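For clarity, every value in this text was computed on a predicted model and none was experimentally measured.
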Amino acid sequence: MNLLFEYPSWLILACGGFAFIFAFWLYRSDRLNGHLSLPARIFLGFIRFIALFLLAIFLLHPLLKSVLREVEDPIVVVAIDDSESIASGSDSSYVLGSYRSDIQALVANLSETFEVRTYNFGEQFGEGTDSLTFNQKITDFDPLLDGLYSRYSNRNVGAVIIASDGVYNRGKNPLYDAKKLNAPVYTIALGDTVPKRDLRVVNVASNRLAYLGNKFPIEILVEGREAAGTQTQLTIENNGGIVFSESVSFNEDFQQKTIRTTLEADKSGSQRYRITLKPISNEATTANNITDVFVDVLQNRQKILILSTAPHPDVAAMAESIRSNENYEVNVALADEFDGKISDYSLAIFVQIPAISGAGDRFITEAMDANVPCLFMLGANTSFTSFNNLKLGYSLTGFKGTMSDVHGSFTKGFNNFRVEEEVQRMFRELPPLRVPFGELKSSAGAINVVNQRIGMIDTDLPLVSFNKVRSNNIAVVFGEGLWRWRMINFVKQGSHNRYNTFIAKVVQYMANKEDRRQFRIRAPKSQGENERLLFEAEVYDDTYEAITDPEVTLTITNDQGANFEFTFSRNDRYYKLDAGLLPVGDYSWVAKTTIGGKGQTLDGKFSVYPLQFELAQTTANHKLLNQFAIANGGQMVLPSDMLGLSELIRNNAEVKSISFERKQLSDLIDVRWLLAFILLLLSTEWLLRKRSGSY
């Protein structure tokens, strides 16, 4: 231990001098203590000196520096694959039988020497191995590796044991993160590597959206294993009827074939297309012979017009983002060349129009007269005199051609449409827009979705804002440089998804026709069996103010006619319902509420489709498990050698306890025994003086 002082060391001598002078003055030869003998006065003076010196030292705020040495025993992590494929292999009787007891015996054996932590993984990463069910529909090594890294990156992990069949169907190849665990890895290889006779639908590529009356392509990749000399029939069904059929022959033991066709979208709504391969004899499993594809067939596509007076990178950035949503058809044109009708479009986007040159101004008037929503993107070439004269609820005065760099921040409390948290955070990472410098004012009815952030200060000035003028939906972007937003979002996230999502929300909010219904439901059309069923509802009074007073109920009916009753919970301006996980099948729903004494009813349908990822691959991947173990300084073992893992780990020289030093600073005044010692000194001195008759 060492003492550290914040003040110069000569002050310690000053403390000693102060204590000596005070003790000497108290016990000098005078009428107060003169009757005491010289040795008694020296002894009592020394006690007083020590006590006062220590108290004076406390005034210097000394710190006590101590070094603690700790020893951490190695941790052994056991992670068990809990996915569906583990119990569907040829060793399923072992997995469902003595496998659990073998795992427990291994953990008990390891616990005699090491600290053991157990986990399970599949689609999710969880703690413990007592509740293994082998029914997780997906195998993903990413949550396992990320979870272990976050928990043990700075810990003494002696070894990691992973029991799996090596089959994964989501996430990265675990070999890419082989060194992430920073510990020897031992793998227990489950499943059978011997190929079995099997047909399966490997992949289906099709449009997610189609338009009524149009044809859309569909491409199906099928695979045959140990199926040489066999023939099967591939069919596509929709609404109970076969819309396509083709014979497929396999001439080799392992062969993949691609079948392409086009289907006609002859019925609107969410359409399910079931693709089936007719089973052949002695197939290992037929669960992977069937897959469903859902296509939303829309009545028509909304048309978006982007007008500018000259080419600009913001035009391309906006157009590409809107085109990423198949609901929209984008037309980009220069104002001098456009000869179409604004009334044909669901949204008109004016890039730096009204312009200084005056080009394109007439199209703004045409859009406003036709009640077409307008989005204005302002910049250095905007005529702000003309813009202010439009009386859109915004004005910029004093602009003299100067532009300033302004960052954006998502507006707290914005709730006109939902913006995901990761999209809200995106604005903190994006570069600034070039904003015209001047005095900016907006009307009380304007709603900002993105505010200007100047330096580190979030202002109330709009950067992206909405307004309503004469029943027209208006939006304004008060700057140029959206192309930088799109580019930086890709650099940071590896995709344009967050930027595209925000633009899609803005366009959808602007282009959608006003919904005058007082009761609205947002419901899924199809989802996987591992997804929770989520509904949202909105209720409006006669003035179209959102209310949450009425009760909203929902009845879900499955294809056997059984009903399930639910009640929505209230959440600020809307209602929400989590109906949980539902079995595979077709369902219908009816939602009811009462508004102003009048009953309101909405209905719809949805499907829950099966996930067959785990059953698609019937052959274990022991090669992957072996490579993963070797890359981390361990080895792969078979289930029969599982119990020998404890001895392998004990014999590994890298698995050992580690010691480390931890430095700690604490105030000397926190040392209680020292305070007790000072109190003892003062008490002893006082008692001795009183006993001798002194004051």
Side-chain angles (χ1 to χ4, degrees), residues 123-124 126 135-138 208-209 268-272 292 294-298 327 412-424 501-502 504-505 508-509 512-611:
E123 181 180 8
Q124 306 291 336
N135 61 4
Q136 294 198 43
K137 300 295 182 180
I138 291 172
R208 185 173 56 86
L209 296 174
S268 63
S270 179
Q271 301 296 315
R272 178 172 64 185
D292 290 335
F294 291 85
V295 178
D296 286 332
V297 180
L298 307 178
N327 285 319
K412 293 181 179 179
F414 178 84
N415 55 15
N416 285 54
F417 53 82
R418 299 187 67 187
V419 179
E420 293 77 6
E421 289 187 8
E422 60 268 18
V423 178
Q424 296 181 26
T501 297
F502 175 71
K505 295 272 188 180
Q508 182 180 12
Y509 179 72
N512 278 356
K513 294 181 180 179
E514 187 173 6
D515 191 347
R516 303 297 291 178
R517 294 177 301 164
Q518 290 181 269
F519 185 32
R520 308 170 193 175
I521 295 285
R522 285 189 289 273
K525 296 178 180 178
S526 64
Q527 63 181 52
E529 60 181 314
N530 66 332
E531 299 176 84
R532 302 188 70 84
L533 183 63
L534 303 177
F535 289 82
E536 290 184 358
E538 295 177 0
V539 178
Y540 297 86
D541 61 17
D542 291 339
T543 63
Y544 288 95
E545 288 289 331
I547 57 176
T548 56
D549 298 325
E551 183 178 77
V552 179
T553 61
L554 183 79
T555 301
I556 296 177
T557 305
N558 64 16
D559 44 17
Q560 283 81 42
N563 293 329
F564 305 92
E565 306 287 342
F566 299 91
T567 301
F568 281 79
S569 61
R570 297 167 174 85
N571 184 16
D572 194 15
R573 291 168 51 91
Y574 64 96
Y575 298 77
K576 64 179 181 179
L577 170 65
D578 183 348
L581 301 174
L582 294 185
V584 173
D586 296 322
Y587 297 84
S588 61
W589 57 266
V590 176
K592 295 181 180 180
T593 192
T594 301
I595 305 174
K598 297 180 181 179
Q600 302 274 354
T601 301
L602 293 174
D603 58 56
K605 295 181 179 180
F606 66 92
S607 298
V608 177
Y609 56 85
L611 294 181

Kindly indicate whether the side chain of T594, heavy atoms from C-beta on, has any atom under 4.5 Å from the side chain of P550.
no
Atom pair CG (D296) and OG (S526), whose distance is rounded to the nearest 0.5 Å
7.0 Å
Grab the two heavy atoms, one from Q271 and one from S268, that are nearest each other, plus how far apart they are.
NE2-O, 3.1 Å
Should R532 and L581 be marked as a side chain to side chain contact (heavy atoms under 4.5 Å, CB included) after you check the CA-CA gap, both sets of side-chain angles, and the distance that decides it?
CA-CA 5 Å; R532 302 188 70 84; L581 301 174; 4.0 Å; yes
Less than 4.5 Å apart, side chain to side chain, heavy atoms only: is that true for P610 and D292?
yes
Minimal non-hydrogen separation, A591 against F519, with atom names
O-CE2, 3.7 Å
Step-by-step side chain to side chain contact (heavy atoms under 4.5 Å, CB included) determination, E422 to T501
CA-CA 10 Å; E422 60 268 18; T501 297; over 6 Å; no
Between V608 and E529 the two heavy atoms that sit nearest each other are CG1-CA, 3.6 Å
Atom CD of E565: over 12 foreign heavy atoms under 6.0 Å
yes
Quick check for you: to the nearest 0.5 Å, what is the distance between Y540 atom OH and Y574 atom OH?
12.0 Å
Counting distance only, does the side-chain N/O of R570 pair as donor-acceptor with the main-chain N or O of D549 below 3.5 Å?
yes
Starting from the C-alpha separation in whole Å, work towards a yes-or-no answer on side chain to side chain contact (heavy atoms under 4.5 Å, CB included) for I521 and L554.
CA-CA 10 Å; I521 295 285; L554 183 79; 5.6 Å; no
Do F606 and S588 have side-chain heavy atoms sitting under 4.5 Å apart?
no
Looking only at heavy atoms, which two atoms of T601 and K592 are closest? And how far apart?
OG1-CG, 3.9 Å
Using a strict 4.0 Å threshold on nitrogen-to-oxygen distance, state whether E538 and R573 make a salt bridge.
no
Can you tell me how the ring of Y575 sits relative to the ring of F568, calling it parallel under 30°, perpendicular over 60° and tilted otherwise?
perpendicular
Can you confirm whether N558 sits close enough to F564 that some side-chain heavy atom of one is under 4.5 Å from a side-chain heavy atom of the other?
yes
Rounded to the nearest 0.5 angstrom, the NZ-CD distance for K505 and E420 is 4.5 Å
How far does NZ of K412 sit from CD of Q424, to the nearest 0.5 angstrom?
10.5 Å
D541 versus I595, closest heavy-atom pair with distance:
CA-CG2, 4.5 Å
State the OG-NZ distance between S607 and K525, to the nearest 0.5 angstrom.
12.0 Å
Which heavy-atom pair separates L602 from W589 by the least distance, and what is that distance?
O-CZ3, 3.5 Å
Check the side chains of Q136 and N530 for a donor-acceptor pair under 3.5 angstrom, ignoring hydrogens and angles.
no
Expected output: side-chain T593 to main-chain E551 donor-acceptor under 3.5 Å
yes
Please lay out, stage by stage, how E531 and Y609 fare under the test side chain to side chain contact (heavy atoms under 4.5 Å, CB included).
CA-CA 10 Å; E531 299 176 84; Y609 56 85; 4.0 Å; yes
Just so I know, are the side chains of L533 and I556 near enough to count as touching, which here means a heavy-atom distance under 4.5 Å?
yes
